[in-house]
Amino acid sequence: MVAPEKLLTLENPVFSAYLFYSCVLALKMLSMSLLTAKARFKKMVFANPEDAAMQPKKGKVKFDDPDVERVRRAHLNDLENIPVFLIVALVYLATDPNPVIAINIFRVFTAARIIHTITYAIVPLPQPSRALAFGVGFIATGYMAFQGLSKLTF
């Protein structure tokens, strides 16, 4: 058990792991913007005329390129899942969970989100690969939310 005044300090291994995996997930989400840009430049399709004008002979405005949209959907999926994880994980952390379990949940969620991106946007694989990666992250977040709720009293 961590003393309450040390719960949100680097002396708490769970909080340190939370910070580490939060940064990994933030970098992963930032990389999705670069992955989208890479897909746009590869296909020379852009969302805005001024962007297409940078490539006057090849660039065009297009909103339905399947490769670009696949990366954008993967990014949107991150935006729908990672912020929820960050909030729920912080609540879970406040319950002073078992460090081994908590740190492994953070690892599993982070790995699941990376695998989800790989199987969705980088090397599309047939289902259920993406669904399994999504499901693992979903279950990890759900577990932490349930644990957080079960320990909260008013």
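Sequence positions, counted from 1, serve as the residue numbers for this chain.
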Is Val88 close to Phe109 at the side-chain level, that is, under 4.5 Å between some pair of heavy atoms?
no

Donor-acceptor pair, distance only, cut-off 3.5 Å: does the side chain of Arg130 make one with the backbone of Leu125?
no

In terms of relative ring orientation, are Tyr18 and Phe15 parallel, tilted or perpendicular, with 30° and 60° separating the classes?
parallel

All heavy atoms of Ala89 vs all of Phe106, minimum pair found to be CB-CE2, 3.8 Å

Should Val84 and Met29 be regarded as members of a common hydrophobic cluster, given that ILVMFWY residues are connected when their side-chain heavy atoms come within less than 4.5 Å of each other, either directly or indirectly?
yes

Gap separating the CD atom of Glu80 from the CZ atom of Arg73, nearest 0.5 angstrom
12.0 Å

Which atom names give the shortest non-hydrogen contact between Gly148 and Val91, and what distance separates them?
CA-CG1, 4.2 Å

Restricting to non-hydrogen atoms, name the atom on Ala121 and the atom on Ala74 that form the minimum distance, rounded to 0.1 Å.
CB-CB, 3.8 Å

Same cluster or not: are Leu19 and Leu90 linked, directly or through other Ile, Leu, Val, Met, Phe, Trp or Tyr residues, by side-chain heavy atoms under 4.5 angstrom apart?
yes

Heavy-atom check, side chain of Tyr143 versus side chain of Tyr92, under 4.5 Å
yes

For Lys28 and Ile82, run side-chain contact (heavy atoms from CB on, under 4.5 Å): C-alpha distance rounded to whole Å, both residues' side-chain angles, the deciding distance at 0.1 Å, then the answer.
CA-CA 10 Å; Lys28 184 236 172 295; Ile82 292 174; 4.2 Å; yes

Rounded at 0.5 Å granularity, tell me how far CD1 in Ile115 sits from CD1 in Ile122.
11.5 Å

Which heavy atom of Ala102 sits nearest a heavy atom of Val14, and at what distance?
CB-CG1, 3.7 Å

When hydrophobic residues are tied together by side-chain contacts of less than 4.5 Å, even through go-betweens, does Leu86 share a cluster with Phe134?
no

With rounding to the nearest 0.5 angstrom, report the NE2 to OG1 distance, His75 to Thr117.
9.0 Å

Does some side-chain heavy atom of Gln147 sit less than 4.5 Å from a side-chain heavy atom of Pro97?
no

Is Arg113 close to Tyr21 at the side-chain level, that is, under 4.5 Å between some pair of heavy atoms?
no

Gap separating the CD atom of Glu11 from the CD atom of Glu5, nearest 0.5 angstrom:
9.5 Å

What distance do Ser31 atom OG and Ile114 atom CD1 have between them, rounded to the nearest 0.5 Å?
8.5 Å

Is Val71 linked to Ile118 within one hydrophobic cluster, defined over Ile, Leu, Val, Met, Phe, Trp and Tyr using a side-chain heavy-atom separation of less than 4.5 Å?
yes

Main-chain N/O of Leu8 paired with Asn12 side-chain donor or acceptor, under 3.5 Å:
no

Look at the side chain of Asn48 and the backbone N and O of Glu50, then say whether any donor-acceptor pair between them is shorter than 3.5 Å.
no

For residues 32-49, which residue pairs pass the salt bridge (charged side-chain N to carboxylate O under 4.0 Å, His left out) check, not counting sequence neighbours?
Lys43-Asp65, Lys43-Asp67

Note: Ala140 and Ile105 closest approach over all heavy atoms is CB-CG2, 4.0 Å

Shared hydrophobic cluster for Phe85 and Leu149 (ILVMFWY, side-chain gaps under 4.5 Å)
no

Report the distance from atom CG of Leu79 to atom CE of Met32, rounding to the nearest 0.5 Å.
9.0 Å

Between Val61 and Ala47 the two heavy atoms that sit nearest each other are CG1-O, 4.1 Å

Under 3.5 Å: donor-acceptor pair, side chain of Ser16, backbone of Pro13:
no

